[in-house]
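Okay, so here's the structure we're looking at.
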Amino acid sequence: MKKRRWRDFGLAGLMLGPSAAVLSLFVIYPLVKAVWYGHQRCDASLSKCRTTSWHQYIDAFRSNEFQDSLIVTLKYALITVPIGLVLGISLAVLADKHIKGIGIFRTIFSSTVATSVAVASVMWFFLLNPSVGILADWLGGSAKTPGLLQKQGLALWAVSASSIWANLGFTFIVVTAGLQSVPKDLYESAYVDGANGWSRFTNVTLPMISPTLLFASVVLVTRAFQSFGEIDLLTAGGPKGETTTLTYLAYGQGLATSNDGGLRATVSVLLFFVLLILALVQFRGLEKRVHYGN
Amino acid sequence: MTLMAYSPFVAQVRLVNITKQFDGVTAVEDINLDIADREFMILLGPSGCGKSTLLRIIAGLEDPTEGEVWIGDKMVNDVLPKQRDVAMVFQSYALYPHKTVQANIEFPLKVRKVAKTERGVAALAAADSLGLGEYMQRKPAALSGGQRQRVALARAIVRKPAVFCMDEPLSNLDAKLRGETRAELIALHQRLESTFIYVTHDQVEAMTMGTRIAVMSRGHLEQIGSPQEVYDKPASVFVAQFVGMPPMNILPAGSLESGNHLVGVRPEQLEIAASGPLSMKVTLVEQLGHEVLVTGDVGAKRFVVRVAAHTIAPRIGDVVGLDAPEAGRHRFDATTEQRIDA
Amino acid sequence: MAIDQVTGARRIGRYTLLMVAAVIVFFPIYVMLVGAFKPGNKVLIDRLLPTNVTLDTLRQAWREGNLGRALWNSVVVSVVITVAQVATSVLAAYAFVFLTFPGKAIVFAIFLATLLVPLEATLTVNRHIMQQLNWLNSYRALTVPFLATAFGIFMIRQVFLTIPKEMREAASMDGLGHFGFLGEVAVPLSRPTIGAFALFSFLTSWNSYLWPVLVTTKSDYNTVQTGLKALKLASLDRPNLVIAGTVIVALPIFVMLIAFQRQLIRGLTAGAVKG
């Protein structure tokens with residue numbers, strides 16, 4: 001009967017309207033428009049544009065700048081995600097015991113979640129600053145002039161250290177929640193079967209928290225690919241582009257793309273596709289590999 | 001007094017040629033059913049037979065694809081559920097977990113903008129009549145299954161509807177509580193003088209509570225009648241086997257001088273006799289205290305015979321003769337499986 | 001013996017490990033705190049000990065960074081975004097779960113697809129839109145594009161889906177309309193998830209960095225994040241001033257997170273743990 005199908009139509013429009021307006025105006029339209037700008041060359045504010053060709057996407061993808069920053073971003077993700085996960089799991093397992101004072105330790109381990117990218121980056125900027133930074137002092141000569149953050153071969157590691165620290169609170173909280181959702185009787189049965197601590201960890205804990213770990217790694221990988229603030233505040237993409245990630249290439253200052261809105265659009269659309277592929281790969285992983293408890 | 005004077009209170013429910021399809025799949029087909037005012041009508045059938053769909057059509061939660069629904073003297077196809085004067089008790093009770101018992105029971109009145117004191121009085125009366133008085137400030141999570149079921153009932157009662165629809169309201173209770181609640185529902189029906197329409201797959205509930213039973217199968221009505229009629233004169237093989245526990249034994253065509261018809265005999269009508277026309281190899285003997293159930297194979301068919309306690313029952317492995325008096329034989333057409341009355 | 005009981009030497013070992021880990025994790029924050037309470041000319045003295053404690057540096061950072069203004073801006077922007085996102089998400093989620101209308105599946109798929117579009121892909125054009133609307137350097141530019149989010153719609157839809165259909169039917173038989181059911185039943189039953197989403201939404205807008213950098217140039221519209229950037233650029237030679245600014249900026253969120261720890265954990269782990 002038609003009546004029932006259409007009865008809620010007006011109300012649905014009213015309820016979906018605000019969200020639909022915002023999402024179409026500020027997500028869907030800009031994406032479509034960015035795809036269009038991507039085959040144009042423009043001035044910095046996109047007010048004057050002239051069409052070049054759709055080939056601009058291929059040219060931009062093949063350009064040294066894009067290729068280099070794609071590699072930088074991949075490296076950055078490959079450093080920060082595994083190390084961040086291992087540290088986060090270690091802290092969570094370490095604190096997953098009912099002993100006196102554990103609340104204080106848990107608060108400390110979660111604390112970095114309260115630092116925004118800007119706060120964490122400024123903190124690390126001064127920790128690693130060659131003239132005042134205490135870490136720079138301890139790391140000795142190699143950290144002195146021009147400073148770790150501007151030293152080729154080390155800058156990306158320095159940025160990674162800051163970001164691993166800043167994300168540690170998030171990973172710790174998520175993994176802790178995962179650990180607490182593992183049914184206790186599974187540990188007990190493994191214990192009765194004579195499994196020792198490490199074997200309980202690999203045979204019970206890890207498989208049971210694998211959905212949690214996957215979620216955490218999806219978030220961390222996404223953050224790595226979208227990193228902008230830490231680059232902007234710590235290295236400004238340097239030295240010699242060694243820390244110019246994809247997002248920084250699209251929006252950073254003083255780069256080849258900075259004065260051309262069209263080129264920026266090209267890069268940001270390419271970035272969108274990189275993230276899309278990444279998301280699809282991760283969704284497949286989510287479907288297949290992960291063991292889900294009941 | 002004329003009939004007209006009664007009419008505002010008369011709540012007979014009439015279904016005319018009701019058909020319901022979901023995405024092309026027919027759930028109920030061409031159902032005609034008259035439910036009298038103040039009747040306790042049971043819709044009985046296995047799961048998927050369309051009984052709940054029919055109830056939801058009466059309540060207004062589903063629109064029929066074809067046909068008319070009448071409540072009293074009004075065609076209600078286009079009337080919203082809230083205007084139908086129908087209350088519903090759901091299988092899961094659908095209580096609001098964040099509201100107290102009191103707030104749950106009062107809720108239908110609150111929505112109808114009944115004044116606060118008035119609805120407090122009504123809620124307390126409904127709750128007291130079901131023995132819930134002392135739980136008014138608890139949340140549903142702090143109640144037992146039986147108590148939650150009563151809250152759901154109280155929430156329906158408080159509106160004083162003309163028609164109560166109940167969808168398997170006892171199926172989440174344990175056996176003992178189910179028995180007690182059956183008796184209470186019968187008493188409630190007497191007291192409220194409303195029309196009850198009750199969906200169940202449990203033939204004991206159907207037999208004990210209903211003034212009439214509508215037996216359904218695969219979207220069709222198989223039989224409508226009083227519990228005794230349905231038991232004594234099942235209209236089809238389906239009804240014969242669905243009502244009665246253990247179910248009626250069905251003999252293949254040709255046995256017991258039946259010609260081309262199927263013959264059904266209830267377990268209590270079968271007699272164990274040394275020289276009966278049928279012979280059964282006993283495979284199971286169940287002592288139930290007040291009676292004994294003897295199960296065995298007659299040819300390729302499994303038969304159950306009910307024997308009084310303290311008689312000498314056969315043992316497993318025995319081969320016994322069986323007979324059934326003419327009065328205990330039900331005949332059905334071999335192809336349509338419909339009852340044939342001699 | 002329960003297996004999560006720790007005794008004797010193992011207990012001491014675990015405490016030692018916990019202590020070491022805590023010191024390492026907390027170290028950067030500690031160094032910041034020590035630095036923020038030192039006067040400018042003593043930065044290099046006792047970098048690990050709270051000596052020469054003074055509030056002057058904090059005061060100076062507050063003044064020079066115009067951090068009061070930045071904090072106010074951040075509060076206004078984050079509160080507006082949070083309230084709006086909760087409202088738009090609850091309404092849209094309700095429509096997707098409890099209303100029947102043609103094209104529902106397609107509309108939902110489109111909404112969901114916007115989750116895959118990273119902010120970064122749309123910023124250039126969005127900035128251009130702001131410029132054309134003459135909204136640069138305004139609260140509108142900082143808030144309007146974020147008044148709705150598919151993430152919130154999805155998260156709240158998931159919890160609305162757990163409300164039994166029969167509960168809506170029971171309410172509709174009682175004559176309760178959709179807005180009544182939303183306010184009386186759906187929202188109260190989903191309060192924990194909505195709270196978690198609100199906190200998540202607040203944190204995200206509070207921490208947002210790139211968008212404010214793109215659409216604000218005047219210091220009057222600095223949020224705490226861009227204010228910090230400005231302070232860093234302006235005071236590179238006075239590190240402890242920037243450090244003090246960092247402490248001021250981080251403090252409100254620290255306090256808030258300790259107060260809302262449970263919602264935070266729920267918000268961060270939504271989707272991570274099944275069930």
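Proteins get letters first, then strands, A, B, ... in listed order; numbering begins at 1 in each.
With chain C as partner, the option from Val22(A), Leu270(A), Leu94(A) having the largest number of non-hydrogen pairs under 4.5 angstrom is Leu94(A). Between chain A and the options Leu210(C), Leu119(C), Leu257(C), Thr226(C), heavy-atom pairs under 4.5 Å are most frequent for Leu210(C). Annotation: maximal heavy-atom pairing with chain C below 4.5 Å, among Leu271(A), Ile102(A), Thr247(A), occurs at Thr247(A). Note on Phe96(C), Phe26(C), Trp206(C): by heavy-atom pairs under 4.5 Å with chain A, the leading option is Phe96(C). The greatest number of non-hydrogen atom pairs below 4.5 Å with chain A, out of Leu91(C), Val247(C), Ile110(C), is found for Leu91(C). Annotation: maximal heavy-atom pairing with chain A below 4.5 Å, among Val117(C), Val90(C), Thr88(C), occurs at Val117(C).
With a 6.0 Å radius and a threshold of 12 heavy atoms from other residues, nucleotides or ligands, Leu276(A) has its CG atom above the threshold. Heavy-atom contacts from other residues, nucleotides or ligands closer than 6.0 Å to CG of Leu233(C) number more than 12. Atom OH of Tyr30(C) sits in a crowded spot, with more than 12 heavy atoms from other residues, nucleotides or ligands closer than 6.0 Å.
Annotation: the span from Leu11(A) atom CG to Thr100(C) atom OG1 amounts to 10.5 Å, rounded to 0.5 Å. Of the inter-residue distances, the one linking Ile253(C) atom CD1 with Thr115(A) atom OG1 reads 10.5 Å to the nearest 0.5 angstrom. Separating the CZ atom in Phe111(C) from the CD1 atom in Ile28(A) is a distance of 7.5 Å, to the nearest 0.5 Å. The NZ atom of Lys97(A) sits 11.5 Å away from atom CZ of Arg11(C), with the distance rounded to the nearest 0.5 Å. Rounding to the nearest 0.5 angstrom, the gap separating the CD1 atom in Ile243(C) from the CG atom in Asn129(A) is 9.0 Å.
For Leu23(A) against Ala148(C), the heavy-atom pair with the smallest separation is CD2-O, 4.1 Å. The nearest pair of heavy atoms linking Pro30(A) to Asn126(C) is CG-OD1, 3.3 Å. Of all the heavy atoms in Pro28(C) and Leu127(A), the pair that sits closest is CB-CD1, 3.6 Å. Contact between Phe254(C) and Ser111(A) at its shortest, heavy atoms only, is CZ-O, 3.7 Å. Here the closest non-hydrogen pair linking Val25(C) and Trp165(A) is O-NE1, 2.9 Å.
Only the side chain of Ile129(C) comes within contact range of chain A, judged by heavy atoms closer than 4.5 Å. With a 4.5 Å cut-off on non-hydrogen atoms, Leu233(A) touches chain C through its backbone and its side chain both. In this structure, the portions of Val27(A) lying under 4.5 Å from any heavy atom of chain C include both its backbone and its side chain. Looking at Leu99(C), both its backbone and its side chain come within 4.5 Å of chain A, counting heavy atoms on both sides. Of the atoms belonging to Ser19(A), heavy atoms from both backbone and side chain fall under 4.5 Å from chain C. Only the side chain of Phe125(A) comes within less than 4.5 Å of a heavy atom in chain C; its backbone stays farther off. The contact between Met19(C) and chain A is made by backbone and side chain atoms together, counting heavy-atom distances below 4.5 Å. In this structure, the portion of Leu168(A) lying under 4.5 Å from any heavy atom of chain C is its side chain and not its backbone. Using a 4.5 Å cut-off between heavy atoms, Ala120(A) makes no contact with chain C at all. With a threshold of 4.5 angstrom between heavy atoms, Ile209(A) does not approach chain C through any atom at all. Proximity to chain C is limited to the side chain of Tyr29(A), based on heavy atoms less than 4.5 angstrom apart.
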Problem - Candidate pair Leu16(A) and Phe108(C), rule side-chain contact (heavy atoms from CB on, under 4.5 Å), full reasoning - result: CA-CA 10 Å; Leu16(A) 292 173; Phe108(C) 183 66; over 6 Å; no

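In this structure the side chain of Tyr209(C) reaches within 4.5 angstrom of the side chain of Asp232(A), judged on heavy atoms. With contacts defined as side-chain heavy-atom distances shorter than 4.5 Å, the pair Leu18(C)/Ile99(A) qualifies. Inter-residue side-chain proximity for Leu182(C) and Met15(A) is flagged as met; some heavy-atom pair is nearer than 4.5 Å. Counting heavy atoms from C-beta on, the side chains of Met123(A) and Val31(C) never come closer than 4.5 Å. Using a 4.5 Å cut-off on side-chain heavy atoms (C-beta onward), Leu203(C) and Val113(A) make no contact. Considering only heavy atoms from C-beta on, Val242(C) comes within 4.5 Å of Val122(A) through its side chain.
In this structure a side-chain-to-backbone donor-acceptor pair under 3.5 Å is missing from Arg264(A) to Thr124(C).
Listed by chain and residue number, Ala118(A), Val119(A), Asn207(C), Gln225(C) satisfy the side-chain contact (heavy atoms from CB on, under 4.5 Å) test with Ser116(A) (two or more places apart in sequence, or in another chain). Qualifying ring pair (Phe, Tyr, Trp, His ring centres under 6.0 Å) partners for Phe181(C), counting only residues two or more places apart in sequence or in other chains: Phe98(C).
Between Phe26(A) and the options Thr122(C), Thr114(C), Val144(C), a side-chain contact (heavy atoms from CB on, under 4.5 Å) holds for only Val144(C).
Ring geometry for Tyr15(C) against Phe105(A) counts as tilted: the plane angle lies between 30° and 60°, on a 0 to 90° scale.
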